[in-house]
Student: 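Please find one structure pasted underneath; my questions will follow.
Order of appearance sets the numbers: ligands from 1, and atoms from 1 within every ligand. Just so you know, these numbers come straight off a predicted model, no measurement behind them.
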Amino acid sequence: MPDERRLVEDLRFEELGRVAEIEATVFPEPLDLASLERLYRDPSVRYLAIREEGRLAAYFGFQVSGPTALVISNATDPAYRRRGYGGRILQEAEAIAEAMGARWFLGEVRVSNEPQRQVLRRIGWREIGRCQSFFGNGEDAYIVFRCFREGTWP
Ligand SMILES: CC(C)(COP(=O)(O)OP(=O)(O)OC[C@H]1O[C@@H](n2cnc3c(N)ncnc32)[C@H](O)[C@@H]1OP(=O)(O)O)[C@@H](O)C(=O)NCCC(=O)NCCS
């Protein structure tokens, strides 16, 4: 039976060091601690967390500009993968971003990032375009989109 409890909470400022460590482990172009602290203090930015026994298991940062909540990054600590946290944090974030005025999420995913693409597909995100050489190593990006209250498509 799916767990109906709310798992997602705000990330604490003191947890940014752990976020920087995870970023450095999992991303080719990680955000460093100073950049994370700058973003965290920006009122248009929100960082969310899922914890297991008090330890940071997954995080998600996004920045709201008008109706768009732009994905900064999300990751699950490799020790806590495939427990549903990656999908869960993005899903619970929709109501939080909506309360900040956003109507949809927009992001970019490396074309090689099959785990993230599968997670997004499962929770109703769409790949709406492909941008050539988006990333620093020349890799293409899929532009990904999730409308919180999706209407009927033509
Ligand atoms: C993508 C990521 C956030 C998923 O986190 P997660 O907590 O494991 O996600 P979930 O448990 O909700 O879903 C995992 C799903 O990913 C997919 N997946 C996981 N490993 C995979 C692999 N090696 N190949 C293909 N798909 C895979 C599966 O669909 C899996 O679902 P399942 O466990 O039911 O089979 C995590 O892998 C991660 O942190 N990756 C590095 C950072 C990143 O790429 N972030 C996204 C770009 S900003």
Student: Considering only heavy atoms of Asn113, which atoms of ligand 1 have at least one such atom less than 4.0 Å away?
Tutor: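 In order of number, 43 (C), 44 (O), 46 (C), 47 (C).
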
Student: Starting from atom 43 (C) of ligand 1, find the nearest protein heavy-atom neighbour and note its residue, name and distance.
Tutor: Phe27 CE2, 3.5 Å

Student: If you look at every heavy atom in Ile89 and Leu48, which pair is closest and at what distance?
Tutor: CD1-O, 3.7 Å

Student: In the protein, which heavy atom is nearest to atom 22 (C) of ligand 1, and how far is it?
Tutor: Pro115 CG, 3.8 Å

Student: With heavy atoms of Ala75 as the reference, note each atom of ligand 1 found under 4.0 Å away.
Tutor: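 Those of ligand 1 that fall under 4.0 Å from Ala75 are 39 (O), 42 (C).
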
Student: Is a side-chain donor or acceptor of Thr25 paired with a backbone partner of Glu21 at a separation under 3.5 angstrom?
Tutor: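 Indeed, once roles are kept as given, a pair shorter than 3.5 Å links the two residues.
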
Student: Check for me whether the distance between the ring centres of Tyr40 and Phe13 falls short of 6.0 Å.
Tutor: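 They qualify: ring centres under 6.0 Å apart.
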
Student: So, taking the atom named CG in Leu11 and the one named CD1 in Ile50, what distance separates them when rounded to the nearest 0.5 Å?
Tutor: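 One finds 11.5 Å between CG of Leu11 and CD1 of Ile50.
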
Student: Nearest protein heavy atom to atom 14 (C) of ligand 1, by residue and atom, and its distance?
Tutor: Val119 CG2, 3.9 Å

Student: When you measure from the centre of the six-membered ring of Phe135, is the NZ or CZ of Arg110 under 6.0 Å away and within 45° of the axis?
Tutor: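 Geometry flag: set, cation within 6.0 Å and 45°.
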
Student: Could you list which atoms of ligand 1 come closer than 4.0 Å to a heavy atom of Gly87?
Tutor: 12 (O)

Student: Within 45° of the ring axis of Phe105 and under 6.0 Å from its six-membered ring centre, is that where the NZ or CZ of Arg146 lies?
Tutor: no

Student: Considering non-hydrogen atoms only, spot the tightest contact between Ile143 and Cys131 and give its length.
Tutor: CD1-CB, 4.0 Å

Student: Considering the heavy atoms of Gly86, write down every atom of ligand 1 situated less than 4.0 Å from one of them.
Tutor: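 With Gly86 as reference, the close atoms of ligand 1 come out as 5 (O), 6 (P), 7 (O), 9 (O), 10 (P), 12 (O).
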
Student: Among all protein heavy atoms in this structure, tell me which lies nearest to atom 11 (O) of ligand 1, with the distance rounded to 0.1 Å.
Tutor: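 Here the closest protein heavy atom is Gly84 N, 2.7 Å.
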
Student: Heavy-atom distances under 4.0 Å decide this one: backbone, side chain, both or neither, for Thr76 against ligand 1?
Tutor: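 Contact part for Thr76 vs ligand 1: both backbone and side chain.
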
Student: Among all protein heavy atoms, pick out the one at the shortest distance from atom 33 (O) of ligand 1; state its residue, atom name and that distance to 0.1 Å.
Tutor: Arg82 NE, 3.0 Å

Student: Tell me: protein heavy atom nearest atom 31 (O) of ligand 1, and distance?
Tutor: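 The protein heavy atom lying closest is Arg122 NH1, 3.4 Å.
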
Student: Atom 45 (N) of ligand 1: which protein heavy atom is closest, and how many Å away?
Tutor: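 Nearest neighbour among protein heavy atoms for atom 45 (N) of ligand 1, to 0.1 Å: Asn74 O, 2.8 Å.
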
Student: Judged on heavy-atom distance to atom 41 (C) of ligand 1, which of Glu23, Gln116, Arg81 sits nearest?
Tutor: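 Considering heavy atoms of Glu23, Gln116, Arg81, the nearest to atom 41 (C) of ligand 1 sits in Arg81.
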
Student: Can you list the ligand 1 atoms lying under 4.0 Å from a non-hydrogen atom of Gln118?
Tutor: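 Going through ligand 1 atom by atom, the ones under 4.0 Å from Gln118 are 17 (C), 25 (C), 26 (N), 28 (C), 29 (O).
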
Student: So which atom in Glu108 and which in Val144 form the shortest heavy-atom distance, rounded to 0.1 Å?
Tutor: N-CG2, 4.1 Å

Student: Please identify which atoms of ligand 1 are closer than 4.0 Å to at least one heavy atom of Arg83.
Tutor: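 Ligand 1 atoms under the 4.0 Å threshold to Arg83: 11 (O).
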
Student: Under 4.0 Å from ligand 1, counting heavy atoms only, is it the side chain of Val109, its backbone, both or neither?
Tutor: neither

Student: Under the side-chain contact (heavy atoms from CB on, under 4.5 Å) test against Arg88, which residue among Leu7, Ile123, Val119 passes?
Tutor: Leu7

Student: Do Trp104 and Phe148 make the cut of ring centroids closer than 6.0 angstrom?
Tutor: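 Aromatic pair excluded; centres sit 6.0 Å or further apart.
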
